[in-house]
There are 2 protein chains.
Amino acid sequence: MNLVTIAQASAITGVSAKMIRHYESIGLIKAPMRTENRYRHYCEAELHELGFIRRSRDLGFSFEDIRQLLSLWRDKARSSAEVKAIALRHVQDLDQKAAALEAMSRTLKRLAATCHGDDRPDCPILDALDPPAEAISHSDP
Amino acid sequence: MNLVTIAQASAITGVSAKMIRHYESIGLIKAPMRTENRYRHYCEAELHELGFIRRSRDLGFSFEDIRQLLSLWRDKARSSAEVKAIALRHVQDLDQKAAALEAMSRTLKRLAATCHGDDRPDCPILDALDPPAEAISHSDP
DNA sequence: CTTGACCTTCCCATGATGGGATACCCATAT
DNA sequence: ATATGGGTATCCCATCATGGGAAGGTCAAG
């Protein structure tokens with residue numbers, strides 16, 4: 001049967017014991033068997049699911065996405081189109097977030113390039129963070 | 001003097017009233033004047049700081065970074081090197097996060113490309129999320 | 001029998017932001 | 001004068017994924 005404790009399940013799947021209990025509490029996985037001591041014991045199928053979850057997390061899927069992916073994974077009669085749709089939606093999300101980070105990075109690199117970075121106080125980076133005065137004093141009609 | 005209420009400060013600086021109060025509570029900005037009604041009133045210098053904070057947030061700086069940037073900004077005798085160091089450290093962080101997101105996106109795009117995405121159940125995406133069986137059954141010494 | 005290494009549950013924290021409840025202050029319309 | 005509506009104040013709770021830690025139970029080895 002190959003039943004393992006939560007620490008062993010953690011070591012095997014790479015999911016922390018804390019997170020395993022958490023996944024159970026939010027219903028992402030179902031409650032496992034307990035020994036008489038009320039210790040959780042996991043069987044291979046459950047370890048498999050935990051491994052699945054960890055890989056999904058590694059790819060940045062949210063719990064909500066993972067919930068759906070797990071359900072499709074368990075369903076032998078699923079359509080691959082549903083899985084692909086979830087994945088592609090996530091790809092869009094990832095690309096959008098990456099683009100936002102890169103835009104920030106580009107701006108900062110440009111500013112840093114024109115900052116001499118020595119003991120003098122004048123700094124184009126701080127200047128760029130400085131809001132234009134009109135935006136503020138323009139508020140007294 | 002040009003004193004404005006928190007809603008006006010929010011409209012001018014683009015920082016929500018909720019966040020303005022929050023910034024105050026965590027000591028990022030100092031507590032503003034109050035009228036007899038205990039309403040907060042902001043002067044131009046304070047609006048300026050809020051605008052500075054919003055722009056910093058737009059560039060993805062954390063509150064801790066902003067705390068330092070604000071302190072340098074207020075310090076007329078600062079060295080631009082300190083500002084540049086914070087900015088470049090943040091650039092590294094942004095690039096690293098963007099790279100991580102892109103790696104996920106690449107993997108998913110590759111998997112999705114080989115998934116036919118129709119009514120059939122076999123799906124390379126789910127296969128990739130499936131942990132190898134050895135990793136699991138390998139746990140019975 | 002103690003020590004140490006597990007396990008359990010429960011509460012709290014993060015970071016940035018929003019939602020909502022309750023109560024107060026004020027101006028305008030009835 | 002009062003009802004209505006809108007701004008404000010404080011406080012608590014929620015998010016998302018994760019971890020820290022306390023308090024107490026269980027077990028094997030020394």
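In what follows, every chain begins at residue 1, and chains take the letters A, B, ... in the order their sequences are listed. Since this is a predicted model, take the numbers as computed values, not measurements.
Not counting sequence neighbours, the partners of A:R89 by the salt bridge (charged side-chain N to carboxylate O under 4.0 Å, His left out) test are A:D65.
In this structure a side-chain-to-backbone donor-acceptor pair under 3.5 Å is missing from B:N37 to B:Y39. The closest donor-acceptor contact from the side chain of A:R57 to the backbone of A:F61 lies under 3.5 Å.
For the pair B:D58 CG and C:dT17 C1', the interatomic distance rounds to 14 Å; values are reported in whole Å. Rounding to whole angstrom units, CD of residue A:E24 and C1' of C:dT8 are separated by 11 Å. As a whole-Å value, the separation of A:E36 CD from C:dT8 C1' is 15 Å. The OH atom of B:Y23 sits 13 Å away from the C1' atom of C:dG18 (whole-angstrom rounding). As rounded to whole Å, 15 Å separates atom C1' of C:dT17 from atom CD1 of B:I53. Here C:dA16 presents its C1' atom at 9 Å from CD1 of B:I26, a figure rounded to the nearest Å.
For the residue pair B:T5/B:H41, the side-chain donor-acceptor check at 3.5 Å is not satisfied. Under the 3.5 Å distance criterion, with hydrogens and angles disregarded, no donor-acceptor pair is assigned to the side chains of B:D119 and A:S79.
Comparing B:N37 and B:M19 by the nucleotide of DNA chain C that holds the closest heavy atom to each, the one mapping nearer the 5' end is B:M19.
Nucleotides of DNA chain D with any atom under 4.0 Å from a heavy atom of chain B span, from 5' to 3', D:dG7 to D:dC11.
Side-chain N/O atoms of B:R38 include none lying less than 4.0 angstrom from OP1 or OP2 on C:dC24. In this structure, A:R34 reaches the C:dT9 phosphate: one of its side-chain N or O atoms is under 4.0 Å from OP1 or OP2. The shortest distance between the side-chain N/O atoms of B:S16 and the OP1/OP2 oxygens of C:dT17 is not below 4.0 Å. Proximity of A:R21 to the phosphate of C:dT8: a side-chain N or O atom is located under 4.0 Å from OP1 or OP2.
Heavy-atom minimum distance, B:R34 versus B:R38: NH1-O, 2.9 Å. In terms of heavy-atom proximity, B:V15 sits nearest to B:L50 at CG2-O, 3.8 Å. Considering all non-hydrogen atoms of both residues, A:I6 and A:R21 come closest at CD1-CG, 3.6 Å. Summarising the geometry of A:G117 relative to B:A81, their closest heavy-atom pair is O-CB, 3.4 Å, with the distance given to 0.1 Å. The two atoms that bring A:R78 and A:L72 nearest to each other are CD-O, 2.9 Å, heavy atoms only. Pairing each heavy atom of B:T13 with each of B:L47, the nearest pair is CG2-O, 3.5 Å.
Taking the side chain as every heavy atom from C-beta outward, A:M33 and A:E46 never approach each other to under 4.5 Å. At a threshold of 4.5 Å between non-hydrogen side-chain atoms, the residues A:L129 and B:W73 do not count as touching.
Within residues 60-70 of chain B, the residues that place at least one heavy atom under 4.0 Å from DNA chain C are, in residue-number order, B:S62, B:F63.
For the helix from C:dC1-D:dG30 to C:dT30-D:dA1, the angle separating the two terminal helix axes comes to 40°, with each axis derived from five pairs and the value rounded to 10°.
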Under 3.5 Å, which protein N or O atoms sit close to an N or O of nucleotides 20-22 of chain C? Give each pair with its distance.
| unit_1 | atom_1 | unit_2 | atom_2 | d |
| --- | --- | --- | --- | --- |
| C:dG20 | O6 | B:K18 | NZ | 2.4 |

Could you pull out the protein-nucleic contacts involving nucleotides 2-6 of chain C (nitrogen or oxygen on both sides, under 3.5 Å)?
none

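The number of heavy atoms from other shown groups lying within 6.0 Å of CG (A:D122) is above 12.
Between A:R40 and A:E24 there is a salt bridge, with a side-chain nitrogen of the basic residue lying less than 4.0 Å from a carboxylate oxygen of the acidic one.
In summary, of the residues considered (B:L94, B:D58, B:V91, B:L59), a side chain to side chain contact (heavy atoms under 4.5 Å, CB included) with A:T107 occurs for B:L59 alone.
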